[in-house]
J.: 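The structure follows.
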Number of protein chains: 2
Amino acid sequence: MAKVLFKRDEVIDKSMWLFCHNGFKASSMQQIVETTGLKPGSIYHSFGNKESLFREVLTSYSAKSMAKIRETIDGAESINEGILAHLENTVAESISVDYCSCLLVKTQLELTDDGKKNNLHDFAANQLKEVESLFRSYLEREYDEETSSERAVSIMLHIFGVRIYGYQQGSAELMLKGLRVGLPWLPWN
Amino acid sequence: MAKVLFKRDEVIDKSMWLFCHNGFKASSMQQIVETTGLKPGSIYHSFGNKESLFREVLTSYSAKSMAKIRETIDGAESINEGILAHLENTVAESISVDYCSCLLVKTQLELTDDGKKNNLHDFAANQLKEVESLFRSYLEREYDEETSSERAVSIMLHIFGVRIYGYQQGSAELMLKGLRVGLPWLPWN
DNA sequence: CTATTTATTGAATAGTCACTCAATAAGGAA
DNA sequence: TTCCTTATTGAGTGACTATTCAATAAATAG
């Protein structure tokens, strides 16, 4: 056999699952081989090395995340209702049985900024900055620049908070109360 | 030579520095040997294994963190001023050159909950719950139970947020603005 | 049909990992 | 002093790591 027998997207998705659960270092190439069904040589031929594969996974993860945010806000009756819906989704996600936080957040904490160009730490940080920009651009449809900027930061702080707080047991209700206190300008019921 | 030639606390502190910067898995025993000056056999004789050593480091880190919070709040003119001072300290810390977030947060994200008893993930999560309890107990001196509980959660969400947001470049001012928006009940200037 | 290109294979490589253990050295107890 | 306990040593262990590469198989070009 030869020539494009596997689907690149499927390999990315299966690898994403693994990286999300175990992080970068703890996901071994052996596990990737088992999860994707590809042989080591195939992976290296198609993706270069583990870091390149991970980079593609991160890019895909980031694109999906931002698409989902857009979808949620665009589908809501107002910007603020959309933002609230996204936060509620994030909380709901965090109590699922195999919750594994956010790959970008995990990557930023796991990989150190070694000073080299295009390191994975900075890559994740930049993607998260883009998420903030996305929220800010939505807010600017409703508020002045200053308010939009402040509230975008506040949203990011709360999302990051939920990404970590979500590991506490039975935390959904508590988190929603905490979000309501910290984001009183959102249209809570 | 023999018998207690090294100081246990110093070994813990030096290992803490390493674990804070690289995380659990990425800190090799070889690095621990180099950092602490102990030989492999000595470390295993005194601490059991890498996980036990890390557990002692986590315990020490948690104790130090909570002591510092108490110190800051007890030394302030009011509970709320103390909480604000602690948040400002956290922000200030996050812009230092070798910032490495919070070991408990990093551990919770790096190590998965494998379901086993006393795993490191749960250990870190429990320590973070105690930090929340500490804030709640302070707040209960000023507010009713419900308000104290909600605001303690809100504080934790913001601290977690800062722990991650701190990796963005030039973020100190932005974070302070975000905190001011999300925690308007604190005595800002 | 033949030649060339290219995806796939999987055993093999060198390096790193956490960890061990017999030998050794130095206290305290008798 | 002699014995016993215990901290220290550091070379060594096997398991695992990411990665390679010559061989192979299939699709495409001429």
Side-chain angles (χ1 to χ4, degrees), chain A residues 1-58 106-107 110-112 114 116 118-121 123, chain B residues 1-58 106-107 110-112 114 116 118-121 123:
Chain A
M1 347 158 183
K3 264 178 191 171
V4 190
L5 291 185
F6 67 87
K7 307 245 170 75
R8 198 173 180 90
D9 288 351
E10 283 180 17
V11 174
I12 297 284
D13 282 350
K14 285 171 179 170
S15 303
M16 192 184 296
W17 188 91
L18 197 65
F19 283 128
C20 280
H21 278 79
N22 303 335
F24 177 66
K25 281 187 188 106
S27 300
S28 69
M29 286 306 287
Q30 204 178 84
Q31 286 177 297
I32 293 168
V33 165
E34 287 161 12
T35 305
T36 62
L38 293 188
K39 307 298 170 186
S42 265
I43 296 172
Y44 281 87
H45 180 83
S46 303
F47 296 96
N49 57 22
K50 189 182 168 186
E51 185 177 322
S52 306
L53 170 60
F54 186 64
R55 210 172 225 106
E56 279 201 47
V57 169
L58 270 188
K106 287 179 94 157
T107 301
E110 181 188 349
L111 286 315
T112 52
D114 55 7
K116 287 177 194 159
N118 305 320
N119 66 75
L120 291 170
H121 173 93
F123 187 79
Chain B
M1 348 163 180
K3 268 183 186 169
V4 190
L5 290 185
F6 67 87
K7 307 245 171 75
R8 199 174 180 88
D9 288 352
E10 282 180 17
V11 173
I12 298 284
D13 281 351
K14 285 171 178 170
S15 304
M16 191 184 296
W17 188 91
L18 197 65
F19 283 128
C20 280
H21 278 78
N22 303 336
F24 176 66
K25 283 190 188 104
S27 299
S28 69
M29 286 306 287
Q30 204 177 83
Q31 286 177 296
I32 293 169
V33 165
E34 287 161 12
T35 305
T36 62
L38 293 188
K39 307 298 171 187
S42 266
I43 296 172
Y44 282 88
H45 181 81
S46 303
F47 296 96
N49 56 24
K50 189 182 168 186
E51 185 177 322
S52 307
L53 169 61
F54 186 64
R55 209 171 226 106
E56 279 200 48
V57 168
L58 270 187
K106 285 179 96 158
T107 302
E110 182 188 348
L111 286 315
T112 51
D114 55 8
K116 286 178 192 158
N118 305 320
N119 66 74
L120 291 169
H121 174 93
F123 187 79

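Sequence lines set the chain letters: A, B, ... in the order given, protein chains first and strands last, and positions in each chain run from 1.
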J.: Is Lys39(A) near enough to dG10(C) that one of its side-chain N or O atoms lies under 4.0 angstrom from OP1 or OP2?
T.: yes

J.: Taking atom C1' of dC19(C) as reference, at what distance in whole Å does atom CG of Leu53(B) sit?
T.: 14 Å

J.: What pair of heavy atoms forms the shortest contact from Thr112(B) to Asn22(A), and how long is it?
T.: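 Thr112(B) and Asn22(A) have their closest heavy atoms at CG2-OD1, 4.5 Å.
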
J.: Select one nucleotide: of dT17(D), dT19(D), dC19(C), the one nearest the side-chain heavy atoms of Pro40(B).
T.: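 Nearest nucleotide to the side chain: dC19(C).
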
J.: For dT20(D), does either OP1 or OP2 sit under 4.0 Å from a side-chain N or O belonging to Tyr44(A)?
T.: no

J.: What is the distance from atom NZ of Lys50(A) to atom OG of Ser15(A), rounded to the nearest 0.5 Å?
T.: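 Here the rounded value is 11.0 Å.
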
J.: Could you state the CZ-P distance from Phe54(B) to dA18(C), rounded to the nearest angstrom?
T.: 13 Å

J.: Aromatic rings Phe54(A) and Phe24(A): how do their planes relate, parallel, tilted or perpendicular, breaks at 30° and 60°?
T.: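 Because their plane-to-plane angle lies in the 30° to 60° range, the rings of Phe54(A) and Phe24(A) count as tilted.
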
J.: Rounded to whole angstrom units, what separation is found between the CD1 atom of Ile43(A) and the P atom of dT17(D)?
T.: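 Rounded to whole Å, this separation is 13 Å.
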
J.: I want to verify a distance call: between dG10(C), dT8(C), dT17(D), whose nearest atom is closest to the Ser42(A) side chain?
T.: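 Of the options given, the side chain of Ser42(A) lies nearest dT8(C).
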
J.: Roughly, in whole Å, what's the span from CG in Asn22(B) to P in dA18(C)?
T.: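 After rounding, the gap between these two atoms is 11 Å.
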
J.: What is the distance from CG of Asn49(A) to P of dA18(D), rounded to the nearest Å?
T.: 11 Å

J.: Please report the shortest heavy-atom distance between Leu111(B) and His121(B), naming the atom on each side.
T.: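 That closest heavy-atom pairing would be O-ND1, 2.9 Å.
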
J.: Using heavy-atom distances to pick each residue's nearest nucleotide on DNA chain C, tell me which of Gln31(B) and Gly37(A) is more 5'.
T.: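 Result: Gly37(A).
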
J.: Output the rounded distance in Å from CE (Met29(B)) to C1' (dG12(D)).
T.: 16 Å

J.: Quick one: Ile32(A) CD1 to dT19(D) P, roughly how many Å, whole number?
T.: 9 Å

J.: Rounded to whole Å, how long is the line connecting atom CZ of Phe19(B) with atom C1' of dA18(C)?
T.: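 Phe19(B) atom CZ is separated from dA18(C) atom C1' by 12 Å.
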
J.: Considering heavy-atom distances to DNA chain D, does Ala26(A) or Gly41(A) have its closest nucleotide positioned more toward the 5' end?
T.: Ala26(A)

J.: Do any side-chain nitrogens or oxygens of His45(A) fall under 4.0 Å of OP1 or OP2 in dA7(C)?
T.: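 It does, given that an N or O in the side chain of His45(A) lies less than 4.0 Å from OP1 or OP2 of dA7(C).
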
J.: Any chance you could measure Leu38(A), atom CG, to Glu10(A), atom CD, to the nearest 0.5 Å?
T.: 10.0 Å

J.: Counting side-chain heavy atoms from C-beta on, which of dC17(C), dT8(D), dT19(D) comes nearest to Gln30(B)?
T.: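 The closest nucleotide is dC17(C).
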
